[in-house]
Amino acid sequence: MRPLDEKETTQVFEKLFKFTGPNLKHLLERPAVEGPDAEPGRYCLRLHRNRVYYAAEALVRRATAVSRPRLAGVGTPIGKFTHHGAFHLTVHALDLLAAHARRRVWLKPDTERSFLFGNSVPKSSLARITENTKAGDGVVVMSMADVPLGFGIAARSAQDCRKADTNAVVVLHQADAGEYLRKEEELM
């Protein structure tokens, strides 16, 4: 387990910024609430086996006592680097993104299942959308009970959604909570 280098840090922060915007600083600056120490410090990002982990500094210090081949991971895995060097957020980052998201989309209750099966969100499934959403922004997909279901990329702006056809795709699917069941072997 090692700290991210400059290029990796830039890729991770760009991806997170797409969803959180200026709230990104709250992710790393907030005091940690987990860990064995009385004062676990802050949160940090670490790379282990092409996966990026979000963990308290106290846990990372304790993990250095475990050899790399035996270490499964420390903290919350928020994404992974592909073989070509691109960074992808995984469904594990959903709780972090939902807490600090700048843009959100709410789905109608009867259409949540379609999104959880890995489909993109058509306009007919849309209940509400954050007003200032632009095409290409990262959005967190929520149920009407404010439960985070997943995240994706806005295919249309909030204004374009009003004029769009009912079958037009509004949010392009990236990850959802259903992946815990569908891709159980790949996630860990």
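What you see is a predicted model, and the numbers here were worked out from it, not measured in a lab.
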Side-chain donor-acceptor contacts of residues 140-150 below 3.5 Å, not counting sequence neighbours, with atom names and distances?
residue : atom : partner : partner atom : Å
Ser143  : OG   : Ala145  : N            : 3.3
Ser143  : OG   : Val147  : N            : 3.2
Asp146  : OD1  : Trp106  : NE1          : 2.7

Name every donor-acceptor pair, under 3.5 Å, that has one atom in a side chain of residues 121-128 and the other anywhere in the protein, sequence neighbours excluded.
residue : atom : partner : partner atom : Å
Lys123  : NZ   : Cys161  : O            : 3.4
Lys123  : NZ   : Arg162  : O            : 3.4
Lys123  : NZ   : Ala164  : O            : 3.3

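When all heavy atoms are compared, the tightest approach of Arg103 to Asp137 is NE-OD2, 2.7 Å. Of all heavy-atom pairs between Ala155 and Val169, the closest is CB-O, 3.6 Å. Of all non-hydrogen atoms in His173 and Glu179, the two that sit nearest each other are CE1-OE2, 3.9 Å. The two residues Val74 and Val60 have their closest heavy-atom pair at CG1-N, 4.3 Å. Taking every heavy atom of both residues into account, Arg46 and Leu4 meet most closely at C-CD1, 3.6 Å. Taking all atoms of both residues into account, the shortest heavy-atom contact from Cys44 to Leu28 is CA-CD2, 4.2 Å.
By the criterion of side-chain heavy atoms lying less than 4.5 angstrom apart, applied directly or through intervening Ile, Leu, Val, Met, Phe, Trp or Tyr residues, Val171 is not grouped with Leu89; the two fall into different hydrophobic clusters. Hydrophobic clustering, with ILVMFWY side chains joined whenever heavy atoms are under 4.5 angstrom apart, groups Met1 together with Val66. Cluster membership for Leu116 and Val105, using ILVMFWY side-chain heavy atoms within less than 4.5 angstrom, is shared. One hydrophobic cluster, built from ILVMFWY side chains closer than 4.5 Å, holds both Leu94 and Leu16. Leu107 and Ile153 are not part of a single hydrophobic cluster, where members link through side-chain heavy atoms under 4.5 Å apart.
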- Task: Report the C-alpha distance between Glu8 and Arg2 in whole Å, list the side-chain angles of each, state the deciding distance to 0.1 Å, and finish with yes or no for side chain to side chain contact (heavy atoms under 4.5 Å, CB included).
- Result: CA-CA 12 Å; Glu8 294 165 342; Arg2 65 172 178 81; 2.8 Å; yes

- Item | Derivation and outcome, side chain to side chain contact (heavy atoms under 4.5 Å, CB included), residues Arg30 and His26 | CA-CA 6 Å; Arg30 72 184 183 133; His26 299 300; 5.6 Å; no

- Between Ile78 and Leu97, does a side chain to side chain contact (heavy atoms under 4.5 Å, CB included) hold up when you go through it step by step? CA-CA 10 Å; Ile78 61 167; Leu97 294 178; over 6 Å; no

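Taking NE2 of His83 as the reference point, atom CG of Asn50 lies at 7.0 Å (rounded to 0.5 Å). Within the model, atoms OG1 of Thr20 and NE2 of His100 stand 8.0 Å from one another, a figure rounded to the nearest 0.5 Å. One finds the CD atom of Glu14 at 11.0 Å from the OG1 atom of Thr9 (value rounded to the nearest 0.5 Å). Atom NE2 of residue His48 and atom CZ of residue Arg68 lie 8.0 Å apart, to the nearest 0.5 angstrom.
The side-chain tip of Arg102 points at the ring of Phe17 from less than 6.0 angstrom away and within 45° of straight on.
Side-chain contact check for Leu27 versus Leu96: some heavy-atom pair is nearer than 4.5 Å.
Not counting sequence neighbours, the partners of Phe87 by the ring pair (Phe, Tyr, Trp, His ring centres under 6.0 Å) test are Phe81.
With hydrogens and angles ignored, the 3.5 Å screen pairs no side-chain donor or acceptor of Ser114 with any backbone N or O of Thr111. For Ser157 (side chain) and Asp160 (main-chain N/O), a donor-acceptor pair under 3.5 Å exists by modelled atom type.
In this pair, Tyr43 and Tyr54 present their aromatic rings parallel. The plane angle is below 30°, not in the 30 to 60° band.
At most 12 non-hydrogen atoms from other residues, nucleotides or ligands lie less than 6.0 angstrom from CZ of Arg113.
Judged by distance alone, the side chains of Thr82 and His84 never bring a donor and an acceptor atom under 3.5 Å apart.
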